[in-house]
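The next block holds one structure in the form of structure tokens; read it before the comments.
Since the model is a prediction, treat every value here as computed from it, not as a measurement.
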Amino acid sequence: MKIYKWLRGLMKASALTTVMFIMQACYGVPSTDRCEFVLSGYVTDKVTGQPLEGIKLSSRNLDTNYDYITAETDSNGYFEILQWGNCRYGASFILKVNDADGNFMPLDTTVFSDSDLSALDIKLESNQ
């Protein structure tokens, strides 16, 4: 009688292992490869090279449906936006740059980053 209980336990373990193997083969292993990406840099006037203060930047990961994350340049034209993406494969972000006063043409671009830090040098062209 004990041998049957032992054999039944072995068969249950084998069946469970088989099901787990098939699930992994079909759906893969859950990934926790999310990490922070820092998009930072300076915004300057394309002609004069002077830093631009108060420029609004909005960024969104193209692989997610999350809302835009916004930042504003400081007196040195510096900005920093913290985003989330896939550490293993990198991430693509849409970046929108707008001047609230309308003195500079808006910029809309895609940024790909395969490291946790991306330094950007953005030069805006005047509307005048």
Side-chain angles (χ1 to χ4, degrees):
M1 196 68 149
K2 282 188 172 186
I3 190 107
Y4 291 117
K5 283 186 177 180
W6 184 80
L7 232 125
R8 188 170 29 180
L10 182 66
M11 292 299 281
K12 283 182 182 179
S14 175
L16 181 61
T17 304
T18 302
V19 167
M20 289 173 37
F21 178 76
I22 290 171
M23 291 295 285
Q24 179 185 356
C26 292
Y27 300 107
V29 179
S31 175
T32 58
D33 288 339
R34 286 178 43 108
C35 65
E36 295 177 349
F37 285 83
V38 179
L39 304 176
S40 65
Y42 292 90
V43 179
T44 58
D45 185 315
K46 188 174 184 177
V47 176
T48 65
Q50 294 297 314
L52 298 174
E53 182 179 4
I55 302 295
K56 298 196 183 329
L57 297 102
S58 303
S59 173
R60 181 175 67 85
N61 187 325
L62 289 175
D63 299 329
T64 65
N65 291 326
Y66 297 133
D67 290 335
Y68 281 90
I69 296 174
T70 60
E72 191 170 306
T73 57
D74 63 12
S75 60
N76 297 320
Y78 180 78
F79 70 92
E80 188 172 281
I81 301 175
L82 179 66
Q83 276 285 3
W84 292 93
N86 187 310
C87 297
R88 186 179 301 174
Y89 305 111
S92 294
F93 304 99
I94 182 107
L95 182 65
K96 294 182 177 187
V97 183
N98 284 316
D99 173 24
D101 297 331
N103 294 328
F104 294 90
M105 295 191 324
L107 177 68
D108 189 348
T109 189
T110 303
V111 177
F112 176 77
S113 181
D114 58 358
S115 69
D116 60 351
L117 182 64
S118 292
L120 305 170
D121 185 18
I122 300 171
K123 297 181 186 311
L124 293 183
E125 196 170 331
S126 175
N127 273 336
Q128 282 106 24

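The nearest pair of heavy atoms linking Phe79 to Tyr42 is CE2-N, 3.8 Å. Between Pro51 and Gly77, the shortest heavy-atom distance links the atoms CB-N, 3.7 Å. Closest approach of Asp45 to Thr48, counting heavy atoms only: CB-OG1, 3.2 Å.
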Which donor-acceptor pairs under 3.5 Å do the side chains of residues 98-109 make with protein atoms, sequence neighbours left out?
{"unit_1": "Asp99", "atom_1": "OD1", "unit_2": "Asp101", "atom_2": "N", "d": "3.3"}
{"unit_1": "Asp99", "atom_1": "OD2", "unit_2": "Asn103", "atom_2": "N", "d": "2.7"}
{"unit_1": "Asp99", "atom_1": "OD2", "unit_2": "Phe104", "atom_2": "N", "d": "3.2"}

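At least one side-chain heavy atom of Gln83 sits under 4.5 Å from a side-chain heavy atom of Ile69.
Residues satisfying the salt bridge (charged side-chain N to carboxylate O under 4.0 Å, His left out) criterion with Lys96, sequence neighbours excluded, are absent altogether.
Ile81 is connected to Val111 through a chain of hydrophobic side-chain contacts under 4.5 Å among Ile, Leu, Val, Met, Phe, Trp and Tyr, so both are in one cluster.
Formation of a donor-acceptor pair under 3.5 Å by the Thr73 side chain with backbone atoms of Gly54 is found in this model.
Within the model, atoms OG of Ser40 and CG of Leu120 stand 7.0 Å from one another, a figure rounded to the nearest 0.5 Å.
Tested against Ile122 for a side chain to side chain contact (heavy atoms under 4.5 Å, CB included), the candidates Thr44, Val43, Ile55 yield a single pass: Val43.
By the 4.5 Å side-chain criterion applied to Ile, Leu, Val, Met, Phe, Trp and Tyr, Leu62 is assigned to a cluster that also includes Tyr68, Ile94.
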